[in-house]
Number of protein chains: 2
Amino acid sequence: MDADTTRQRIDAAWRERYGQGAAPEALPWNDTIALLMRHHSVRAYKPDPVPEGTLPLLVAAAQSAATSSNMQTWSVVAVSDPGTRAKLAAIAANQKHVEQCPLFLVFLADLSRAGRIGERIGQPMENLPYFETFLVASIDAALAAQNAVVAAESLGLSTLYIGALRNDPEGVATALGLPPGAMGVFGLCVGYADRDVPAGIRPRLPQAAVFHDERYDAGVDADLLASYDATFEGSRHGGGGSWTDRVRNRLGRISQLAGRDGLKPALRRMGFPLK
Amino acid sequence: MDADTTRQRIDAAWRERYGQGAAPEALPWNDTIALLMRHHSVRAYKPDPVPEGTLPLLVAAAQSAATSSNMQTWSVVAVSDPGTRAKLAAIAANQKHVEQCPLFLVFLADLSRAGRIGERIGQPMENLPYFETFLVASIDAALAAQNAVVAAESLGLSTLYIGALRNDPEGVATALGLPPGAMGVFGLCVGYADRDVPAGIRPRLPQAAVFHDERYDAGVDADLLASYDATFEGSRHGGGGSWTDRVRNRLGRISQLAGRDGLKPALRRMGFPLK
């Protein structure tokens, strides 16, 4: 590809991702970066199955992500059974794509495996009850899942994270037969996007609002957010309203937590004391 | 590339990643997947700087990852100042690469931005104090960071997550001038690997130990772990000892938490009530 074409692609990708501003003059570029930058969530899937071998491939990609001290404190469950899918969709505020996507994965923060090892070797695993260890497991699961997302999208598949499984983590545990010490952190829809349903990139905050040089600068974002609000509101895929309105709606009222205000006591009942 | 060559690459990648077993007969494959599968942590870096434009590129890749309800509850700080690097390295159990790598990023779970929005518009953000919201921010940070890792590695750079910043999150906050409601979840070293220092893939658990079909099966792993222990112990980059020993050492004794047993009270002091 000649330099002019690459530059045009960079500029187009930047415009889509940010909705405003221009890409830096020097910016490394390749097909993997282009793939990352064109990610967007997809909520409507064609019924076509994923290609043979996709599931073990996504698991291998997920396992290739970094994991804290190589502890591998995560697991993944693939759910096909329509009854189980229906239960999970009901937990996730009736998101129909949870039932419709050809491949649905639930990523687990999983301390139960280390617990079983401890039982087998007669070693009390003193660190499992700590908040830190739960956080490690959740981050491990997230890094793994994001690698699976990149792998899936490299194959032309689309994805959607389903955080709403946390509306009822005990319901998820029952549906999937999880042992104590394992928790569904989020779900992931995978499949071919139904192109008849509009979907696309929602512009993100300008870099200056999330990136800080040397030290955090809490003074930068007032002006930036005003221009971002306008950009967001004017974007095809923003979904109406300003970003500030969205954040206010999502974080302003406890009803928007949809039960997740009970996440901590639920986790405690599920074998995570969160010490 | 012809089919035979692709198959050889798949088999080689699988062997490196798992140290045992064979890849499925049908497995989708492309350069991005090959890149993901050959990830390994690097702890020794050449002094060469990263190419111009790398930093905004990594931020753009990170911002392209999914974020819960588009809330974008994370931020990132790039640290060059040698004094600050030294402070962070000291917190991270004196890991020298924190000082030596050409680019060091600290990814933040950042609820402070939403808090500032609330103050500006006079809307109490009732959901910020909840455990769930902290978890969202941590997961957002992890998804973003993993995209940055993939982008960096696609450019021939290597990376290392530094979870040990959580040994003293308040020390990190002081060093970076973080406001209440922002916390360094982990650091990330980025740079060119010093190939004179051995580094490579440590084999992961067999897929059957982390992957579950329809429902969680807690009965599968005893046999699998025995063979994995042998594979791990025999691998060039395992670092000596079995995986079970590693897990026992890391999770068996509170001293191994290196202060992270105090993470929850530290977070409360930092503006995360974790309700």
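Basis for what follows: all heavy atoms, side chains included, without hydrogens, waters or symmetry-related copies. Note on naming: letters A, B, ... go to the chains in the order of the sequence lines (proteins, then strands), and numbering restarts at 1 for each one.
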With a 4.5 angstrom heavy-atom cut-off, which part of [X] approaches chain B: side chain, backbone, both or neither?
X        : answer
A:Gln123 : side chain
A:Leu111 : neither
A:Arg250 : both
A:Arg17  : side chain
A:Leu160 : neither
A:Arg248 : both
A:Leu257 : both

By a 4.5 Å heavy-atom criterion (distance strictly below it), what part of [X] contacts chain A: side chain, backbone, both, or neither?
X        : value
B:Ser255 : neither
B:Arg260 : both
B:Leu35  : side chain
B:Leu108 : side chain
B:Leu178 : both
B:Ser68  : side chain

Who wins among [options] for the most heavy-atom pairs under 4.5 Å with chain A?
options                                : answer
B:Lys264, B:Gln63, B:Gln146            : B:Gln63
B:Leu55, B:Thr159, B:Leu105, B:Val149  : B:Leu55
B:Glu153, B:Gln207, B:Met37            : B:Gln207
B:Val150, B:Asp261, B:Leu274, B:Ile254 : B:Ile254
B:Asp213, B:Leu128, B:Leu155           : B:Leu155
B:Val185, B:Ile10, B:Thr67             : B:Thr67

(message) Taking B:Arg38 first and then B:Glu16, would you say they form a salt bridge - that is, a charged N and a carboxylate O separated by under 4.0 Å?
(response) no

In terms of heavy-atom pairs under 4.5 Å, which option from [options] contacts chain B the most?
options                               : answer
A:Ile201, A:Val79, A:Leu143, A:Leu27  : A:Leu143
A:Ala222, A:Pro51, A:Pro124, A:Gly262 : A:Ala222
A:Leu263, A:Leu36, A:Leu251           : A:Leu251
A:Gly163, A:Ala218, A:Ala61           : A:Ala218
A:Arg113, A:Glu52, A:Glu25, A:Lys275  : A:Arg113
A:Ala151, A:Gly53, A:Pro28, A:Ala142  : A:Pro28

(request) Return the orientation label for the A:Trp14 and A:Tyr18 ring planes: parallel under 30°, perpendicular over 60°, tilted otherwise. (result) tilted

(message) Which label fits A:Phe186 and A:Phe107: parallel for a plane angle under 30°, tilted from 30 to 60°, or perpendicular past 60°?
(response) tilted

(message) I'd like to know whether A:Arg246 forms a side chain to side chain donor-acceptor pair (under 3.5 Å) with A:Ser242, so could you lay out the CA-CA distance, the side-chain angles of the two residues, the decisive distance to 0.1 Å, and finally the verdict.
(response) CA-CA 6 Å; A:Arg246 288 298 201 87; A:Ser242 73; over 6 Å; no

(request) Kindly say whether the aromatic ring centers of B:Phe272 and B:Tyr130 come within a distance under 6.0 Å. (result) no

(request) Quick one: list whatever passes side chain to side chain donor-acceptor pair (under 3.5 Å) with B:Thr84, sequence neighbours left out. (result) B:Asp81

(message) Just by distance, no angles: are the side chains of A:Asn127 and A:Thr133 close enough, under 3.5 Å, to form a donor-acceptor pair?
(response) no

(message) Side chains of A:Asp110 and B:Tyr216: any donor to acceptor distance under 3.5 Å?
(response) yes

(request) For the pair B:Gln72 and B:Asp140, evaluate side chain to side chain donor-acceptor pair (under 3.5 Å) and give the outcome as yes or no after the intermediate values. (result) CA-CA 7 Å; B:Gln72 308 176 65; B:Asp140 266 11; over 6 Å; no

Under 4.5 Å between any side-chain heavy atoms of [X] and [Y], yes or no?
X        : Y        : value
A:Val106 : A:Val76  : no
A:Arg204 : B:Asn70  : yes
B:Thr244 : A:Ile121 : yes
A:Ser80  : B:Glu214 : yes
B:Leu267 : B:Met183 : yes

(message) Between B:Asn249 and B:Gln256, is the side chain to side chain donor-acceptor pair (under 3.5 Å) condition met? List the steps.
(response) CA-CA 7 Å; B:Asn249 289 339; B:Gln256 286 298 314; over 6 Å; no

